[in-house]
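Beneath this line is the structure, given in structure tokens, with notes to follow.
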Amino acid sequence: MGKLLLVILSGVTLAFLAERIVRLGRRINFAHETLKPVDLPNCHLIDGIETGAEDIDILPYGLAFISSGLKFPGMTSFAPDQPGKIFLMDLNEESPVATELRISPGFDVDSFNPHGISTYIDQNDGTVYLFVVNHPQFKSTVELFRFVEEENVLEHLKTIHHDLLPRVNDIVALGLDSFYATNDHYFSGEFMGILEQVLDLSWSNIIYYSPQEVKEVATGFHSANGISISTDRNYVYVSDALGHSIHVMEKHADWSLSQVKVLEFDNLLDNLFVDPIKGDVWAGCHPKGWKLLFYSPDDPPESEVIRVQNILSENPIVTQVYANNGSVLQGSSVACVYDRKLLVGTVFHRALYCELEKP
Ligand SMILES: *[C@@H]1O[C@H](CO)[C@@H](O)[C@H](O)[C@H]1NC(C)=O
């Protein structure tokens, strides 16, 4: 009798695990169809960016900040022993170049491992602040810098850690020292993180942080990834990478978020960028997520850029702006625009600069 029960229990457990593994296979698009290329005519790879441009943010007047050199569990890196960097690009120039920003003394640049970034402009004096998700020794911190434009320097102001910020992926600045951050996993440990994904727990969340108050403001994501704010600052857009979706959330006076709607896609969406003029939402996407996890230079991860217009309306317009099988650009994680200039960054590969044609 005991043996029979054991056999039945093992069978049930195996069936459950098999179902979860098939589900995870779907989430990472294991059997996704071949990507049809969509080319853009006036593009080139940006000189000097060779180890990723995982996230990019552009100030409304055309200065682009680029985080490069991410080392992330499960992902490849072309320079695993090199610290990460922040690059600056002035998109007002005729032929913009990427310049590495110096970081003020006192900050541990050797363990710098930048991930999601967000800019914030002080309305009183125009000072630019850069919030950077950092993973020194694979931990999660948020670094706050002041940008000193005359010297191309990032002055480090403070490091933020919190128990509610165990696996931060991306961040959107709300004030001089407040932000929303996504945790792409609930558990910080590697094993529990994998188990969480295999069991499809969807406990990934969004945290509001300020020095006075830190709290969870939304949960239920498979893997909350990119986060961005609408031009009127009333709505927050969140990409759920493994959920293949963008969540439109309304922001309330107490900073809590309530879901307005969910847009479904068939790929894994990474970082989001909101065009400050038009309000369009741009996303860097991974058509086949598993190719990021099992990197092969012969069959590299693809790149795809999506633009969503009128996202708050009844009928948002979704356009696939760029799609490449990895022969040019591998593993696109972000797409940002300024005027008619488009920057596309990647998790660990290069970055693309494009001049878009007049509509
Ligand atoms: C990608 O597409 C190009 C043609 O655009 C082709 O030559 C190349 O073999 C393709 N690479 C892969 C890995 O499919």
Side-chain angles (χ1 to χ4, degrees), residues 21-22 24-56 66-80 82 95-96 98 197 223 225-226 239 241-242 244 264-273 282-308 317-337 340-359:
I21 285 165
V22 168
L24 187 62
R26 256 189 245 124
R27 294 218 175 279
I28 61 173
N29 277 1
F30 196 74
H32 200 263
E33 64 200 53
T34 309
L35 186 71
K36 286 199 196 72
V38 176
D39 281 329
L40 285 173
N42 307 307
C43 296
H44 65 259
L45 294 169
I46 299 168
D47 277 343
I49 299 184
E50 315 271 347
T51 58
E54 205 278 338
D55 199 9
I56 303 176
I66 302 169
S67 79
S68 179
L70 176 65
K71 267 79 64 185
F72 197 70
M75 304 268 168
T76 198
S77 163
F78 296 150
Q82 233 181 62
S95 314
Q197 231 110 63
S223 183
N225 194 312
S239 65
L242 291 175
H244 305 177
E264 306 279 351
F265 298 83
D266 64 1
N267 48 22
L268 287 78
L269 290 95
D270 206 317
N271 289 304
L272 304 176
F273 173 80
W282 291 73
C285 310
H286 308 291
K288 297 184 186 132
W290 63 272
K291 284 197 184 184
L292 279 178
L293 300 171
F294 305 100
Y295 180 72
S296 152
D298 304 325
D299 188 16
E302 299 144 320
S303 287
E304 186 176 8
V305 171
I306 278 174
R307 179 188 61 209
V308 185
I317 303 165
V318 177
T319 310
Q320 190 192 32
V321 176
Y322 177 75
N324 176 261
N325 68 3
S327 56
V328 175
L329 198 68
Q330 304 178 1
S332 56
S333 53
V334 62
C336 303
V337 285
R340 281 196 304 282
K341 291 158 179 176
L342 168 70
L343 295 180
V344 187
T346 64
V347 181
F348 48 75
H349 188 237
R350 303 199 57 183
L352 202 63
Y353 169 85
C354 301
E355 284 178 7
L356 300 173
E357 290 175 320
K358 288 198 180 127

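Worth knowing before you read on, the calculation uses all heavy atoms, side chains too, and leaves out hydrogens, waters and symmetry mates. Counting starts at 1 for both ligands and their atoms, in listed order. Along the sequence shown, the residues carry numbers beginning at 1. On a predicted model such as this, the values are computed, not experimentally measured, just so you know.
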Legend entry - Side chain to side chain, L40 and L356, heavy atoms closer than 4.5 Å: yes
Inset, instruction - Select all protein residues for which some heavy-atom-to-ligand 1 distance is less than 4.0 Å, and list them by chain and number. - result: D298, N325
Legend entry - Selection residues 24-46 - residue pairs positive for side chain to side chain donor-acceptor pair (under 3.5 Å), sequence neighbours left out: R27-D200, R27-H222
Legend entry - Side-chain heavy atoms of L293 within contact of M75, under 4.5 Å: yes
Legend entry - Flag if over 12 foreign heavy atoms under 6.0 Å of CG, D299: yes
Legend entry - Flag side-chain contact, heavy atom, 4.5 Å: Q197 against S223: yes
Legend entry - N225 vs N271 side-chain heavy atoms within contact, under 4.5 Å: yes
